[in-house]
Amino acid sequence: MKKDVQEFITLQVEAMLAAPSCSAEAKAAGQNWLAAKGTEREVEETKKLMAELELDIMPIDGLIDFCNSETGVQVFGKEMAMQVKDHARELKDSGAQFCDCPACSAAASILEKKNEV
């Protein structure tokens, strides 16, 4: 992997790990990737990271559906779920494909580099 791509992914993984919205699975994949960076395991852990992020990144329609669900209301509270849903609809109307929370934003940035790793 080119050094500039590796540095970019490192920054994005660190941002993702710091995000409260980062799933446990994405967090583990990110931590494993950071630990393997520069070693013989880097290629394998890069593949695992990319696969996990593809599973975890929240499609905008999924976010809207989640906010409409009982679980979404339990997670966010009724008022916040409505606010997040309205925000997600605005994102969708602007052409966004994914949630723009810090974890999903970092994941999207990493996935954009998938063909460069």
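What you see is a predicted model, and the numbers here were worked out from it, not measured in a lab.
For D100, the side chain to side chain contact (heavy atoms under 4.5 Å, CB included) test picks out H87, L91, S105, with sequence neighbours left out. Partners of F76 according to the side chain to side chain contact (heavy atoms under 4.5 Å, CB included) rule, which considers only residues two or more places apart in sequence or in another chain, are F66, C67, M80, A81, V84. Here E112 pairs with nothing under the salt bridge (Lys or Arg N to Asp or Glu O under 4.0 Å) rule; sequence neighbours left out. With sequence neighbours excluded, no residue forms a side chain to side chain donor-acceptor pair (under 3.5 Å) with S21. Remark: P59 engages no residue in a side chain to side chain contact (heavy atoms under 4.5 Å, CB included) (not counting sequence neighbours). Partners of E44 under the side chain to side chain contact (heavy atoms under 4.5 Å, CB included) rule, at least two apart in sequence or in another chain, are K48. Under the salt bridge (Lys or Arg N to Asp or Glu O under 4.0 Å) criterion, D61 pairs with K92, not counting sequence neighbours. Considering only residues two or more places apart in sequence or on other chains, E45 meets the side chain to side chain donor-acceptor pair (under 3.5 Å) condition with none of them. Remark: E79 engages Q83 in a side chain to side chain donor-acceptor pair (under 3.5 Å) (not counting sequence neighbours). For the salt bridge (Lys or Arg N to Asp or Glu O under 4.0 Å) test, residues two or more places apart in sequence or in another chain that qualify with E54 are K114.
When hydrophobic clusters are built by joining Ile, Leu, Val, Met, Phe, Trp and Tyr residues whose side-chain heavy atoms come closer than 4.5 Å, directly or via intermediates, W33 is grouped together with V5. In the hydrophobic clustering of this structure, L111 does not group with M58; members are Ile, Leu, Val, Met, Phe, Trp, Tyr whose side-chain heavy atoms approach within less than 4.5 Å, directly or through other members. By the rule that hydrophobic residues join a cluster once side-chain heavy atoms approach within less than 4.5 Å of another member, V13 and F98 end up as members of one cluster.
At most 12 heavy atoms of other shown residues, nucleotides or ligands fall within 6.0 angstrom of atom CE in M82. More than 12 heavy-atom neighbours from other residues, nucleotides or ligands sit within 6.0 angstrom of CD on Q74.
To the nearest 0.5 Å, the span separating OG1 on T46 from CG on N32 amounts to 11.5 Å. Rounded to the nearest 0.5 angstrom, L53 CG and L49 CG are separated by 4.5 Å. Here SG of C101 is found 11.0 Å from CE of M16. Values are rounded to the nearest 0.5 Å. The CG atom of N68 lies 4.0 Å from the NZ atom of K85; values are rounded to the nearest 0.5 Å.
Considering only heavy atoms from C-beta on, E116 stays 4.5 Å or farther from K2 through its side chain. A heavy-atom distance below 4.5 Å is not found between the side chains of I9 and K37. For the pair K78 and V73, the minimum side-chain heavy-atom distance is below 4.5 Å.
Nearest approach of L17 to A26, heavy atoms of both residues: CD2-O, 4.5 Å. The two atoms that bring A88 and L63 nearest to each other are CB-CD2, 3.7 Å, heavy atoms only. Of all the heavy atoms in A19 and A103, the pair that sits closest is CB-N, 3.6 Å.
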(request) Show your reasoning for whether side-chain contact (heavy atoms from CB on, under 4.5 Å) applies to Q97 and I60. (result) CA-CA 5 Å; Q97 295 180 329; I60 199 69; 5.7 Å; no
Discussion item. Please evaluate residues Q6 and E42 with respect to the criterion side-chain contact (heavy atoms from CB on, under 4.5 Å), reporting the C-alpha separation (whole Å), side-chain torsions for both, the decisive distance (0.1 Å), and the verdict.
Written reply: CA-CA 10 Å; Q6 185 186 57; E42 182 177 348; 3.1 Å; yes
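Sequence neighbours left out, not one pair with a member in residues 9-24 passes salt bridge (Lys or Arg N to Asp or Glu O under 4.0 Å). Residues in residues 20-33 take part in no salt bridge (Lys or Arg N to Asp or Glu O under 4.0 Å) pair, two or more places apart or across chains.
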